[in-house]
Amino acid sequence: MLGDIAPDFKAHLSTADKPVWFYDWIQREGGRYTVLFSHPQDFTPVCTTELAEVQKLVPSFKSRGVNVIGLSLNTVETHQEWLKDVAAVADVAEIEFPLIADIQLKVAKLYGMLPSKVKGGSPRTAKDNKTVRSVFIINNKTKEIEVTWTYPMQIGRSFDELSRVLDALDEIAIQNGEVATPANWHKGDNVILAPSIERELIDQKDLPSGKPYMRYVSAQIQSEIKAEEQAVVMQEEPEVMQVEE
C-alpha cells in the first residue's frame with residue numbers, strides 16, 4: 001500500500017542464475033528509486049508493448065537514478081523466451097532489465113496484487129491474474145512505496161505518466177517536501193507551496209473563502225524545453241534603436 005515499506009523477498013530473475021533478495025538487488029543497482037511493474041502472464045500483447053517501451057526509456061531512467069524491474073507470473077525459462085519477442089518489438093538486441101519469475105505467486109500476494117488464499121504453481125490464465133497490473137515506485141533509501149497505481153489488462157500503461165511522476169518526486173525532494181504539484185503539472189511548471197511554509201511567492205489566488213492556501217512558487221528544476229527557450233532569450237542581442245539625424 002502507499003506509504004508502506006516495500007516487502008523484501010527472494011526470487012529468481014531472468015538475468016541471474018541464482019535467486020536474489022530484492023533489497024540486495026536494489027543496493028547493487030544503486031540510484032534513488034526503483035520502479036517495480038507487474039504483468040499477469042508472459043506473451044501477452046499489451047504487456048509486450050509496455051516492456052518494449054520501458055526498454056526505450058532505460059537510458060533516461062539510468063541517468064536520473066531510477067532502476068526498473070518487471071514481474072510476471074511465469075518461470076525464468078518462459079521469461080527469457082518472451083524477452084526475445086519484447087526485444088524484437090523494441091527493435092533492440094536484448095532487454096536490459098530483469099523480470100522476476102513469480103510462478104508461485106509469492107511476490108504478487110506479498111504486494112497485495114492477489115488474494116493470499118490463491119495457490120501458485122498451477123496453470124493460470126492471464127485473466128486469472130488480471131489484477132497483477134500494478135506499478136510501484138520505491139524509495140531506495142527508505143524502501144517506502146511512494147507511488148502505486150493499477151491498470152486493467154486491456155489498457156496499456158502510460159510511461160509518459162511514469163516519467164511525469166518521477167519528475168514530480170524530484171521537484172518535491174529538491175524543495176525539501178515543502179511543495180506539491182497541481183493537476184496536469186509538468187516539469188518546470190509552478191508548484192503549490194504548503195500552507196505551513198512562508199516563502200516568497202510567484203502567485204497567489206484570491207478565493208471566495210478568503211483562505212490563502214492557493215500559493216505558488218517557481219519550480220527549481222526546469223524542463224529541457226524551458227531551459228532551451230531561456231538560453232535562446234539570453235543569447236539574443238538587444239535590438240538597437242536607430243536614431244534619425
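Counting begins at 1 with the first residue of the sequence.
- Residue D160 places its CG atom among 12 or fewer non-hydrogen atoms of other residues, nucleotides or ligands, all under 6.0 Å distant.
- Atom CG of N190 and atom OG1 of T181 lie 12.0 Å apart (nearest 0.5 Å).
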>> Using the rule given for side chain to side chain donor-acceptor pair (under 3.5 Å), can you reason through T125 versus D128, listing the C-alpha separation, both sets of side-chain angles and the distance that settles it, and then say yes or no?
In response: CA-CA 5 Å; T125 67; D128 292 333; 3.2 Å; yes
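- Criterion: ILVMFWY side-chain heavy atoms under 4.5 Å apart, direct or through other members. Under it, V89 and L57 are not part of a common hydrophobic cluster.
- The 12-atom threshold is not exceeded at NZ of K130, counting heavy atoms of other residues, nucleotides or ligands nearer than 6.0 Å.
- Residues V46 and V135 do not share a hydrophobic cluster, clusters being chains of Ile/Leu/Val/Met/Phe/Trp/Tyr side chains in contact below 4.5 Å.
- A donor-acceptor pair shorter than 3.5 Å cannot be found between the side chains of H79 and N74.
- A heavy-atom distance below 4.5 Å is not found between the side chains of T148 and M1.
- A donor-acceptor distance shorter than 3.5 angstrom exists from the side chain of Y111 to the backbone of P7, with no hydrogens or angles considered.
- When side chains are defined from C-beta on, E171 counts as touching Q220, because their heavy atoms get closer than 4.5 Å.
- Residue A52 comes nearest to V86 through the heavy atom pair N-CG1, 3.6 Å, listed as atom of the first residue, atom of the second, then distance.
- Both V68 and W149 sit in one connected hydrophobic cluster of ILVMFWY residues. Membership requires side-chain heavy atoms under 4.5 Å apart, directly or through other members.
- Under the 4.5 Å side-chain heavy-atom criterion for Ile, Leu, Val, Met, Phe, Trp and Tyr, W25 and Y23 are members of the same hydrophobic cluster.
- Annotation: side chain of V147 is not in contact with side chain of F136 (no heavy-atom distance under 4.5 Å).
- Checking I100, V35, T15, L99 one by one against I69, the side-chain contact (heavy atoms from CB on, under 4.5 Å) holds for a single residue, I100.
- Within 6.0 Å of the CG atom in N184, the count of heavy atoms belonging to other residues, nucleotides or ligands does not exceed 12.
- D42 has its side chain out of reach of E81: every pair of non-hydrogen atoms, C-beta onward, lies at least 4.5 Å apart.
- Here the CG-OH distance, from N67 to Y33, works out to 12.5 Å after rounding to the nearest 0.5 Å.
- When every heavy atom of H12 is checked against every heavy atom of K18, the shortest pair comes out as ND1-C, 4.2 Å.
- If you run side-chain contact (heavy atoms from CB on, under 4.5 Å) between R124 and each of I103, V132, N129, only N129 comes through.
- Looking at residues two or more places apart in sequence or on another chain, you find a side chain to side chain contact (heavy atoms under 4.5 Å, CB included) between I172 and V179.
- For the side chain to side chain donor-acceptor pair (under 3.5 Å) condition, the pairs that include at least one residue of residues 90-107, sequence neighbours left out, are Q55-E96.
- The structure places OG1 of T49 at 8.0 Å from CZ of F159, a figure rounded to the nearest 0.5 Å.
- Placement of L110 and L114 within a single hydrophobic cluster is found when ILVMFWY residues are connected by side-chain heavy-atom separations under 4.5 Å, directly or transitively.
- Shortest non-hydrogen contact noted between P40 and C47 is CD-SG, 3.8 Å.
- A distance of 7.0 Å separates NE2 in H39 from CZ in R133, rounded to the nearest 0.5 Å.
- Looking at K109, its side chain does come within 3.5 Å of a backbone N or O of V118 through a donor-acceptor pair.
- By the 4.5 Å heavy-atom criterion applied to side chains, E161 and V165 are counted as neighbours.
- Counting only distance, with no hydrogens or angles, the side chain of N140 and the backbone of T34 share a donor-acceptor pair below 3.5 Å.
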> Could you go step by step and tell me if Y216 and L193 meet the side-chain contact (heavy atoms from CB on, under 4.5 Å) rule?
Replying inline: CA-CA 6 Å; Y216 293 85; L193 187 65; over 6 Å; no
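- Annotation: side chain of M214 is in contact with side chain of L207 (closest heavy-atom distance under 4.5 Å).
- To the nearest 0.5 Å, atoms CG (L201) and CZ (R215) are separated by 5.5 Å.
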>> Run the salt bridge (Lys or Arg N to Asp or Glu O under 4.0 Å) test on R32 and D170 for me, step by step, so that the C-alpha distance in whole Å, both residues' side-chain angles and the decisive distance to 0.1 Å come before the verdict.
In response: CA-CA 10 Å; R32 294 174 297 160; D170 287 343; 2.9 Å; yes
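- Counting all heavy atoms, side chain and backbone alike, Y213 lies closest to S209 at CE2-OG, 4.2 Å.
- Heavy atoms only, all atoms of each residue included: T150 and S134 are closest at OG1-OG, 2.7 Å.
- In this pair, F37 and F97 present their aromatic rings tilted. The plane angle is within the 30 to 60° band.
- Using a 4.5 Å cut-off on side-chain heavy atoms (C-beta onward), L13 and V20 make contact.
- D167 CG to R64 CZ: the interatomic distance, rounded to the nearest 0.5 Å, is 4.5 Å.
- Side-chain atoms of Q41 and L73, non-hydrogen and from C-beta on, never get closer than 4.5 Å to each other.
- Checking W82 against T44 by side-chain atom types alone, no donor-acceptor pair falls below 3.5 Å.
- Judged as a ring pair (Phe, Tyr, Trp, His ring centres under 6.0 Å), and not counting sequence neighbours, the contacts of F22 are F9.
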> Would V217 and Q175 count as a side-chain contact (heavy atoms from CB on, under 4.5 Å) if you check the C-alpha gap in whole Å, the side-chain angles of each, and the deciding distance to 0.1 Å?
Replying inline: CA-CA 10 Å; V217 295; Q175 299 216 35; 4.1 Å; yes
